[in-house]
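In what follows, every chain begins at residue 1, and chains take the letters A, B, ... in the order their sequences are listed.
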2 protein chains.
Amino acid sequence: MATDQLIAYFNTYIPLRESERSELNSRVVERKIKRRQFILQENDICKHYTFVVSGCFKLYGVDKNGTEHNLQFASENEWITDISSFHSGKESRLYIEAIEPSIILQIEKINLIYLYHHHPKFDRIFRVMIENKFEELQNRVLQNISSTAEERYLAFLAQYPTLANRLPNTQIASYLGITPEFLSKLRRIIVKK
Amino acid sequence: MATDQLIAYFNTYIPLRESERSELNSRVVERKIKRRQFILQENDICKHYTFVVSGCFKLYGVDKNGTEHNLQFASENEWITDISSFHSGKESRLYIEAIEPSIILQIEKINLIYLYHHHPKFDRIFRVMIENKFEELQNRVLQNISSTAEERYLAFLAQYPTLANRLPNTQIASYLGITPEFLSKLRRIIVKK
DNA sequence: AATGATCCTTAACCTAAGTTAAGCCCATTT
DNA sequence: AAATGGGCTTAACTTAGGTTAAGGATCATT
């Protein structure tokens with residue numbers, strides 16, 4: 001069952017007791033998502049934390065020219081949400097879209113708050129989870145302000161080799177903040193070396 | 001007293017009980033820091049969370065050419081730390097330096113862990129704090145991959161007007177990921193408009 | 001088999017941003 | 001009063017990366 005995978009994931013942080021497992025179980029909803037299907041669109045309110053059981057998603061914004069900019073990918077055992085809209089309860093300016101057919105588990109805000117209040121362990125787990133995510137993002141910002149596109153691309157390949165194989169280069173270019181044409185040029189330069 | 005300011009800060013998240021206040025009080029150390037003084041240097045291990053009571057700091061990395069790249073500023077009522085080194089216990093690759101004469105409160109890792117274990121409220125508070133920081137960083141990444149330097153500069157002025165007045169432009173340029181010369185050029189273009 | 005999408009690449013040309021170098025202005029220090 | 005040093009600007013020149021447009025490859029759908 002899919003929630004077993006989520007429980008196993010939490011156990012890597014802090015082992016859950018039976019009571020926590022069953023409460024979690026009853027507060028999580030499983031969904032099957034098709035390729036290209038959205039689980040969040042601009043002007044929606046983001047009501048869930050989404051855990052990816054299988055498949056892959058992207059979180060992105062769209063600029064005034066209609067160009068997409070990838071903020072985050074999430075595949076197996078990763079979380080994805082628009083934390084800004086989730087917190088504020090206001091309309092999102094982002095999209096979450098399946099890149100592959102996927103299975104997810106979603107937890108609603110009320111249920112997450114319930115877990116926080118009845119089992120403080122979840123405060124701890126989610127604190128550590130987001131601290132790790134924060135660290136990752138901080139490294140990305142440092143890369144963005146200090147490295148060339150080529151360096152960022154090579155770093156991406158090194159850090160996410162599996163994703164790099166799974167994703168079309170257009171999606172990687174969007175994540176790196178460059179055009180697909182320029183990424184193509186970089187790839188040729190790298191091969192030549 | 002300086003810890004009153006920290007307690008007032010925490011109270012904006014969740015009010016602290018007397019027991020929590022006194023435990024916090026005894027686990028926090030006040031320091032006075034001079035302009036240009038470091039509270040973290042490359043290859044140090046980051047042992048503290050630092051709360052800025054007054055003054056201003058920058059967190060930055062230095063690249064192979066010796067150029068500094070500002071990851072974060074922190075002024076009154078903000079936290080600054082190298083969360084990566086703090087967590088892993090490994091040597092930091094970053095610097096934290098006072099931009100102004102400052103007063104800070106530092107909490108050591110053992111003491112923070114003590115607070116987490118005896119008062120789960122701190123798990124909650126730090127979770128929410130870092131969720132907010134995560135959101136901020138995510139917006140910055142989106143800016144970095146989708147906007148021009150001019151747009152990023154104007155957004156910085158709008159988002160941090162006080163900081164923008166307080167900081168030399170060289171520091172802002174470093175934060176935006178551009179050279180001071182180019183920022184100067186942008187400023188002239190903006191004024192002309 | 002044919003029709004589109006989507007993607008990847010190439011190439012010519014363009015522009016945002018970096019580099020180098022010089023000069024000025026202020027504040028501190030001597 | 002000079003001297004130092006940080007910060008800000010300007011300008012000439014270079015380069016990383018974007019734009020536009022085209023063609024080919026791959027894949028799913030009819």
* State whether a side-chain donor-acceptor pair under 3.5 Å links Ser84(A) with Glu135(B). => yes

* Are Arg187(A) and Tyr153(A) in a cation-pi contact, defined as NZ or CZ under 6.0 Å from the six-membered ring centre and within 45° of the axis? -> no

* Could you state the CZ-C1' distance from Arg36(A) to dC27(D), rounded to the nearest angstrom? -> 11 Å

* Structure fact -> Atom CD1 of Ile99(A) and atom P of dT6(C) are separated, to the nearest Å, by 14 Å

* Structure fact -> To the nearest angstrom, the NZ-P distance between Lys192(A) and dT9(C) comes to 13 Å

* Are side-chain N/O atoms of His87(B) and Glu131(A) paired as donor and acceptor at under 3.5 Å? -> yes

* Parallel, tilted or perpendicular: rings of Tyr114(A) and His118(A) (30°, 60°) -> parallel

* To the nearest Å, how far apart are Leu176(A) CG and dA16(D) C1'? -> 15 Å

For nucleotides 28-30 of chain D, which of its nitrogen or oxygen atoms have a protein nitrogen or oxygen under 3.5 Å away, and what is each distance?
none

* **Atom-to-atom span, OH of Tyr153(B) to P of dA16(C) - whole angstrom** => 18 Å

* To do: Return each pair, listed once, that meets ring pair (Phe, Tyr, Trp, His ring centres under 6.0 Å) where at least one residue sits in residues 12-35 of chain B; pairs must be two or more places apart or across chains.
  => Tyr9(B)-Tyr13(B)

* Asked: Does NZ or CZ of Lys109(B) lie under 6.0 Å from the centre of the six-membered ring of Phe86(B), at an angle within 45° of the ring axis?
  -> yes

* Look at the side-chain N and O atoms of Thr179(A) and state whether any lies under 4.0 Å from the OP1 or OP2 oxygen of dG18(D). => yes

* Evaluate the ring planes of Trp79(A) and Phe10(A), with Trp represented by its six-membered ring, and classify them as parallel (under 30°), tilted (30 to 60°) or perpendicular (over 60°). => tilted

* What class does the angle between the rings of Phe73(B) and Tyr175(B) fall in, given that below 30° is parallel, 30 to 60° is tilted and above 60° is perpendicular? -> parallel

* Send over the distance from Glu151(A) CD to dG18(C) P, rounded to a whole Å. => 14 Å

* **Cationic tip of Lys58(A) above Tyr60(A) ring, under 6.0 Å, 45° of axis** => yes

* Asked: For Arg152(B) and dA16(C), what is the distance between atoms CZ and P respectively, to the nearest whole Å?
  -> 13 Å

Short heteroatom pairs, N/O only, protein and nucleotides 8-12 of chain D, under 3.5 Å:
| unit_1 | atom_1 | unit_2 | atom_2 | d |
| --- | --- | --- | --- | --- |
| dC8(D) | OP1 | Asn169(B) | N | 3.3 |
| dC8(D) | OP2 | Asn169(B) | N | 2.9 |
| dC8(D) | OP2 | Thr170(B) | N | 3.1 |
| dT9(D) | OP2 | Ser184(B) | OG | 3.2 |
| dT9(D) | OP2 | Arg187(B) | NE | 3.4 |
| dT9(D) | O5' | Ser184(B) | OG | 3.2 |
| dT10(D) | OP2 | Arg188(B) | NE | 3.2 |

* Figure out the CG/P separation between Leu186(B) and dA16(C), and round it to whole Å. => 10 Å

